[in-house]
Enquirer: 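I am attaching a structure below and will ask some questions about it afterwards.
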Amino acid sequence: MAEENGPSVFTDFPEPTSTRFYSDVQANNNFHGSGLPGIKRRGQGHGSRSWIKIDEHGNSKILELDKATVMRHCSLPARDLRLLDPKFIYPSTILGREQAIVVNLEQIRCVITADEVILMNSLDACVLQYESELCKRLQINKDQPDGLPFEFRALELALELTCVSLDAQVKELELEVYPVLDELASSINTLNLERVRRLKGQLLALTQRVQKVCDEIEHLMDDDGDMAEMYLTEKKQRKEDYFNNDSYDQADIYGKIRGAARSAPVSPASSTTGVHKLQRAFSNLSSSKHGSISASSNGQENIDQLEMLLEAYFVVVDSALNKLSSLKEYIDDTEDLINIKLANVQNQLIQFELLLTAATFVATIFAMVTAVFGMNLKTTVFDDPDGFDWTIIITGIFCLVLYIAFMIYFKHKKLLPL
């Protein structure tokens, strides 16, 4: 009826993105029906990747889509979709956009909309677990909804699997690090030092990953605007209600204007009055539209549901981060203990070197005296048969007294332990 009475409000809007999305992948569906979803024919699918589409009913299927199709369907810029590219290594990120949530958590890379999840296909165990578990939960909760919208259930599972994976890696690293550190503390050798160096590198890399996930969740919790952007189902419902009301109001106004124009006589005064009425009608319509938009944008969003969801997993990630911090402190304490032991050994070597140097100095004096008397010199000492023996005895007593004097001096200066 609205099309007969006047121009419709939907004539200026393009075709819905969902229609374009399914028409773009229709050709690929025939290919996947051959039972070989991972193989692409020559000349087809240039620049496309394998994605797993999971709808709100828990049904999943594999699609071959290029970036442009995903961007157009989810209304995402290229920089957001680039975060999901497996060729590049990006830190964990959760972005809330107008019609989608971009999730990049460890191996789980997906785009979540109000009614479907587009998951980057991979043979990774975490990705396969995410697909199977999400389909299972959606099918189980189909008749018994848990109160969470679709996008939050998908996001919750991604956070849950990420936290479980990180926590498992932390526990595995703990079981490997503590015995090695205890062995290193008791026996310092090159093999144990190399093992600790390798484990410390793994600890730093894992700490950075856990810290990034923790910072990302904390950033979302601190920004109410970002959390409000992630209520996709609510925004979609509000937009549909707004467009339906807008279409009904405009059709009603055009109907009244056309009816008034048919019944009222044409005169300058009446035409002027009709123009003013028409202007007031459009003014009221625009003011009502503006009021609806401002009310939906300025009103405080009910973000408690998402905030409690993020807070629960923030506690888990923060606990894993504290475990890594404790592990790093234990490694630092072990390194300090090793440095103390090495310093003690070094001090003992220095003390031994000091004693050896003093003994060498005394022995050099004794050797010098014997060397002088061992030369062919004409002296009266050799006339006495016992003269050389007394010379050796006196020189040895002098060297011994000199060495004892060195020891007393070293102990007085606390260079040697008492």
Side-chain angles (χ1 to χ4, degrees), residues 86 88-94 104-109 122-130 157-221 310-356 414-418:
F88 304 99
I89 300 177
Y90 289 98
S92 298
T93 308
I94 302 176
N104 179 17
L105 294 174
E106 293 297 312
Q107 301 299 326
I108 301 177
R109 304 182 180 188
S122 174
L123 297 179
D124 189 84
C126 192
V127 176
L128 299 177
Q129 184 180 4
Y130 179 83
L157 182 58
L159 290 172
E160 178 182 345
L161 293 181
T162 301
C163 293
V164 169
S165 175
L166 292 176
D167 190 64
Q169 294 179 44
V170 171
K171 291 181 180 179
E172 182 181 356
L173 189 61
E174 283 180 338
L175 294 176
E176 190 176 0
V177 167
Y178 283 118
V180 174
L181 292 178
D182 295 338
E183 184 179 355
L184 179 62
S186 60
S187 175
I188 303 175
N189 52 50
T190 306
L191 178 61
N192 290 336
L193 289 174
E194 178 62 26
R195 292 170 63 187
V196 172
R197 185 193 66 81
R198 178 179 57 83
L199 292 176
K200 188 175 182 180
Q202 296 179 6
L203 173 64
L204 294 177
L206 183 58
T207 303
Q208 291 178 356
R209 291 160 51 196
V210 175
Q211 183 67 55
K212 181 57 182 175
V213 175
C214 186
D215 292 343
E216 191 66 24
I217 297 177
E218 186 178 8
H219 172 72
L220 287 176
M221 294 173 59
L310 294 175
E311 186 177 359
Y313 292 100
F314 175 79
V315 173
V316 177
V317 177
D318 188 63
S319 176
L321 189 61
N322 291 334
K323 292 180 182 179
L324 292 175
S325 300
S326 301
L327 193 59
K328 185 177 184 301
E329 291 178 359
Y330 192 80
I331 293 178
D332 294 339
D333 293 340
T334 305
E335 289 180 348
D336 294 339
L337 178 61
I338 293 173
N339 291 331
I340 292 174
K341 288 186 175 182
L342 292 178
N344 186 29
V345 173
Q346 186 177 8
N347 291 334
Q348 293 177 357
L349 292 175
I350 293 174
Q351 293 171 3
F352 179 76
E353 183 181 4
L354 187 61
L355 295 175
L356 187 62
K414 297 180 179 180
L415 298 178
L416 294 176
L418 297 178

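Position 1 is the first residue of the sequence; numbering continues from there.
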Enquirer: With rounding to the nearest 0.5 angstrom, report the CG to CG distance, L349 to N344.
Expert: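 Output value for this atom pair is 9.5 Å.
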Enquirer: Assess the residue pair L157 and E160 against the criterion (side-chain contact (heavy atoms from CB on, under 4.5 Å)); give the C-alpha distance rounded to whole Å, side-chain angles, the decisive distance to 0.1 Å, and a yes or no.
Expert: CA-CA 5 Å; L157 182 58; E160 178 182 345; 4.2 Å; yes
Enquirer: So for atom NZ, which belongs to K323, do other residues, nucleotides or ligands contribute more than 12 heavy atoms lying within a distance under 6.0 Å?
Expert: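 Yes, enclosed.
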Enquirer: Regarding E176 and R195, does a basic nitrogen lie under 4.0 Å from an acidic carboxylate oxygen?
Expert: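 Answer for the salt bridge query: no.
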Enquirer: Minimum heavy-atom separation for S92 to V213, with atom names?
Expert: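 S92 and V213 have their closest heavy atoms at OG-CG2, 3.4 Å.
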Enquirer: Surrounding CD of Q348 (heavy atoms of other residues, nucleotides or ligands, distance under 6.0 Å), is the total greater than 12?
Expert: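 For Q348, atom CD is crowded (more than 12 foreign heavy atoms under 6.0 Å).
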Enquirer: Using the side-chain hydrogen bond (donor to acceptor under 3.5 Å, both in side chains) criterion, which residues pair with S186? Sequence neighbours excluded.
Expert: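 With neighbours one apart ignored, the set is empty.
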Enquirer: Is a side-chain donor or acceptor of E216 paired with a backbone partner of I94 at a separation under 3.5 angstrom?
Expert: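 Yes: the side chain of E216 pairs with the backbone of I94.
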Enquirer: How many angstroms lie between CD1 in I331 and OG in S326, if you round to the nearest 0.5 Å?
Expert: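 Output value for this atom pair is 11.5 Å.
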Enquirer: Sequence neighbours excluded, which residues qualify as side-chain hydrogen bond (donor to acceptor under 3.5 Å, both in side chains) partners of K341?
Expert: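 Testing K341 for side-chain hydrogen bond (donor to acceptor under 3.5 Å, both in side chains), a comparison that skips the adjacent residues, returns none.
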Enquirer: Quick one: pull up NZ in K200 and CD in E335 and give me the separation to the nearest 0.5 Å.
Expert: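 The distance works out to 3.5 Å.
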Enquirer: Can you tell me if E183 and S187 form a side-chain donor-acceptor pair at under 3.5 Å?
Expert: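 S187 and E183 do not have a side-chain donor-acceptor pair below 3.5 Å.
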Enquirer: If you define the side chain from C-beta out and look only at heavy atoms, does anything of V316 sit under 4.5 Å from V164?
Expert: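 Result no, sub-4.5 Å side-chain heavy-atom pair not found.
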Enquirer: Indicate yes or no: does R197 engage E194 in a salt bridge with an N to O separation below 4.0 Å.
Expert: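 Judged by the 4.0 Å cut-off on N to carboxylate O distance, R197 and E194 do form a salt bridge.
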Enquirer: Which pair of non-hydrogen atoms, one from N192 and one from N189, has the smallest distance, and what is that distance?
Expert: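 Closest pair (atom of N192, atom of N189, distance): N-OD1, 2.8 Å.
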Enquirer: For D182 and Y330, which heavy atoms make the closest approach, and how far apart are they?
Expert: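 Taking D182 first and Y330 second, the nearest heavy atoms are OD1-OH, 2.7 Å.
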Enquirer: Could you tell me which residues satisfy ring-ring contact (aromatic ring centres under 6.0 Å, His included) with F352, sequence neighbours excluded, listed by chain and number?
Expert: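 Listed in chain order: nothing, the list is empty.
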Enquirer: Rounded to the nearest 0.5 Å, what separates atom CD in E106 from atom SG in C126?
Expert: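 Going from the CD atom of E106 to the SG atom of C126 covers 8.0 Å.
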Enquirer: Below 4.5 Å, heavy atoms only, C-beta onward: do L159 and I217 meet side chain to side chain?
Expert: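 They are in side-chain contact.
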Enquirer: Measure the OH-CG distance between Y313 and L105 for me, rounded to the nearest 0.5 Å.
Expert: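 Going from the OH atom of Y313 to the CG atom of L105 covers 11.5 Å.
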Enquirer: Show the nearest heavy-atom pair for residues N104 and P91, with the distance to one decimal.
Expert: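 Closest pair (atom of N104, atom of P91, distance): ND2-O, 3.4 Å.
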Enquirer: Using distance alone, with no hydrogens and no angle criterion, decide if N347 and Q351 have a side-chain donor and acceptor under 3.5 Å apart.
Expert: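 No.
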Enquirer: Using a 4.5 Å cut-off on heavy atoms from C-beta on, say whether the side chain of V177 contacts that of L203.
Expert: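 A side-chain contact is absent here, since even the closest heavy-atom pair is not under 4.5 Å.
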Enquirer: Any side-chain heavy atom of D318 sitting closer than 4.5 Å to one from N322?
Expert: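 When only atoms from C-beta onward are counted, N322 and D318 do touch, with a gap below 4.5 Å.
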Enquirer: In the structure I gave you, are the side-chain heavy atoms of D215 and Q211 within less than 4.5 Å of one another anywhere?
Expert: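 Answer yes - side chains close enough.
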Enquirer: Compare all side-chain heavy atoms of L327 with those of T207 and state whether any distance is below 4.5 angstrom.
Expert: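 Contact flag for L327/T207 side chains = no.
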Enquirer: Distance from T162 atom OG1 to D167 atom CG, nearest 0.5 Å?
Expert: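 These two atoms lie 12.0 Å from each other.
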Enquirer: Is there a side-chain hydrogen bond (donor to acceptor under 3.5 Å, both in side chains) between E329 and S325? Walk through the geometry before answering.
Expert: CA-CA 6 Å; E329 291 178 359; S325 300; over 6 Å; no
Enquirer: Hey, is CG on L191 packed in by over 12 heavy atoms from elsewhere, all under 6.0 Å?
Expert: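 Yes, because the 6.0 Å sphere around CG of L191 holds more than 12 heavy atoms from other groups.
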Enquirer: Take atom NZ of K328 as the centre, draw a 6.0 Å sphere, and report whether it contains more than 12 heavy atoms from other residues, nucleotides or ligands.
Expert: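 Counting neighbours around NZ of K328, 12 or fewer heavy atoms of other residues, nucleotides or ligands fall under 6.0 Å, so no.
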Enquirer: List the atom of F314, the atom of C214, and the distance in Å for their closest heavy-atom pair.
Expert: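 Reported closest heavy-atom pair: CE1-SG, 3.3 Å.
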Enquirer: For a side-chain contact (heavy atoms from CB on, under 4.5 Å) check, start with the C-alpha distance between L166 and L206, then their side-chain angles and the critical distance, and finish with the verdict.
Expert: CA-CA 8 Å; L166 292 176; L206 183 58; 4.2 Å; yes
Enquirer: Do Y178 and T334 touch side chain to side chain, with heavy atoms closer than 4.5 Å?
Expert: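 Of all side-chain heavy-atom pairs linking T334 with Y178, none is under 4.5 Å.
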Enquirer: Do you know which two heavy atoms are closest between L337 and A185, and how far apart they sit?
Expert: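 Distance-wise, the nearest heavy atoms are CD2-CB, 4.1 Å.
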